[in-house]
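Below you'll find the structure, written out as structure tokens, and then a few comments.
Quick note: residue numbers are just sequence positions, from 1.
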Amino acid sequence: MHMLAVTETKGFHLDPRTKLLLMAVVATAEFLYGHTAFMLAVALIPFILLLTNRQYKAAAIFIVLFVAALVVKEIQNSIRFHMVVNMIVVLLVGLVLRLFPAFAMGNYIIKSTTASECITSLSRMHIGRNITIPLSVLFRFLPTMQEESAAIKDAMRMREIQFGTKKFWQNPMALLEYRFIPLMISVVKIGDELSAAALTRGLDNPAKRSSITRVGFTCYDAIAVVISGVMLSVTLFIIKW
């Protein structure tokens, strides 16, 4: 009889519960204090975590948009825009500054956490299956949807149906038709298949589940929480001083 080996993750890896804690801190802190230095300190948390997970493109896009929003926030009072333009600018700046750090943390959590780790951690927190089952489906749904979207994009490129081509200018609505309709059909199909797969694997079984994925707190969790807390506390102290 062969024993299943316990899966261990090497290198810098946080426990899913620590990730949820940092997610709550980032999502809450951005709405508590509107000082530029403090908002930048909060944004550094998901930025550094994205870098540790080697999500360099996502980290670069996030920090560039966030810094640009900070710059616009600082100069918008000295530059007079049209009323409509000013409303759009304020809305976009507020969206980036207040919500993008949480979105970046969510991107990091989804990319760095497997469905098995998520279910095991939530079960240890005594969270009901009415939450764990949808989350397990979500963790498998998003990567699958991204792969399906990339496949549809490649198919459109082969048929030369993309922005800027001759076929696009002849029929611009074809871009929406050939991109979003197959994607919506695929989304519905993927959701049904993943839901059926989750039930087939016995996720709705009331018995206690075992897992070959090792989940637990390590020194990396303590380092991440301490550094984040110290960075935010020091920034607040310097601002108020």
Side-chain angles (χ1 to χ4, degrees), residues 4-33 37-63 66 97-143 146 198 203 208-239:
L4 292 176
V6 177
T7 304
E8 295 185 3
T9 305
K10 297 181 180 179
F12 183 86
H13 189 75
L14 299 179
D15 186 272
R17 290 164 288 185
T18 304
K19 298 174 185 177
L20 292 177
L21 174 62
L22 294 177
M23 176 73 166
V25 170
V26 170
T28 304
E30 285 291 353
F31 289 93
L32 291 179
Y33 205 71
F38 182 76
M39 298 178 73
L40 184 59
V42 174
L44 285 177
I45 297 176
F47 174 69
I48 295 174
L49 291 176
L50 287 172
L51 292 179
T52 60
N53 199 42
R54 297 181 180 180
Q55 296 177 246
Y56 303 120
K57 182 178 179 180
I61 294 175
F62 164 65
I63 200 65
F66 193 86
L97 295 181
R98 302 295 184 180
L99 299 181
F100 267 38
F103 290 162
M105 276 298 304
N107 186 15
Y108 163 74
I109 292 174
I110 291 176
K111 293 291 186 180
S112 63
T113 308
T114 63
S116 299
E117 290 175 340
C118 176
I119 295 174
T120 303
S121 299
L122 293 177
S123 62
R124 292 184 182 180
M125 296 170 64
H126 303 287
I127 295 178
R129 297 181 183 273
N130 56 340
I131 296 179
T132 57
I133 293 178
L135 281 179
S136 67
V137 174
L138 176 64
F139 271 84
R140 292 183 176 93
F141 174 78
L142 293 179
Q146 290 178 350
L203 292 183
K208 184 178 180 180
R209 294 177 55 85
S210 59
S211 176
I212 63 173
T213 302
R214 177 167 293 178
V215 175
F217 296 108
T218 63
C219 61
Y220 295 120
D221 297 280
I223 292 172
V225 172
V226 170
I227 291 179
S228 301
V230 170
M231 183 170 60
L232 297 181
S233 300
V234 170
T235 305
L236 275 177
F237 177 78
I238 294 175
I239 293 173

Can you name the residues that form a side chain to side chain donor-acceptor pair (under 3.5 Å) with [X], not counting sequence neighbours?
{"X": "Q55", "answer": "N53"}
{"X": "S121", "answer": "none"}
{"X": "T218", "answer": "D221"}
{"X": "S228", "answer": "none"}

Task: For the student: nearest non-hydrogen atoms of F62 and A43, plus distance - done: CE2-O, 3.4 Å
- [ ] For residues V26 and P46, report the shortest heavy-atom separation together with the two atoms involved.
- [x] CG2-CD, 4.2 Å
Please table the atom pairs, donor to acceptor, closer than 3.5 Å between any side-chain atom in residues 99-109 and protein atoms at least two apart or in another chain.
none

Task: Which residues share a ring-ring contact (aromatic ring centres under 6.0 Å, His included) with F47, sequence neighbours left out - done: none
TODO: Please identify each residue that fulfils ring-ring contact (aromatic ring centres under 6.0 Å, His included) with Y56, with sequence neighbours left out.
DONE: none
- [ ] Might you work through the side-chain contact (heavy atoms from CB on, under 4.5 Å) test for H13 and Y220, ending with a clear yes or no?
- [x] CA-CA 7 Å; H13 189 75; Y220 295 120; 5.8 Å; no
Not counting sequence neighbours, which residues clear side chain to side chain contact (heavy atoms under 4.5 Å, CB included) with [X]? List them please.
{"X": "A222", "answer": "none"}
{"X": "S233", "answer": "none"}
{"X": "I239", "answer": "Y33, H35, A37, F38, T235"}
{"X": "T28", "answer": "L32"}

Open item on the list: Once rounded to the nearest 0.5 Å, what's the spacing between atom SG of C118 and atom CG of L20?
Closed with: 7.5 Å
Task: Test salt bridge (charged side-chain N to carboxylate O under 4.0 Å, His left out) applied to R17 - qualifying residues, sequence neighbours left out - done: D15
TODO: In sequence, state the C-alpha distance, the side-chain angles, and the governing distance for M231 and I45, and then conclude on side-chain contact (heavy atoms from CB on, under 4.5 Å).
DONE: CA-CA 9 Å; M231 183 170 60; I45 297 176; 3.6 Å; yes
Task: Of L22, I223, V225, the residue whose pairing with L14 passes side-chain contact (heavy atoms from CB on, under 4.5 Å) - done: L22
Task: Crowding at CZ, R124 (>12 non-hydrogen neighbours, <6.0 Å) - done: yes
TODO: With side-chain contact (heavy atoms from CB on, under 4.5 Å) as the test, would you mind laying out the steps for V25 and L232 before giving the verdict?
DONE: CA-CA 10 Å; V25 170; L232 297 181; 3.9 Å; yes
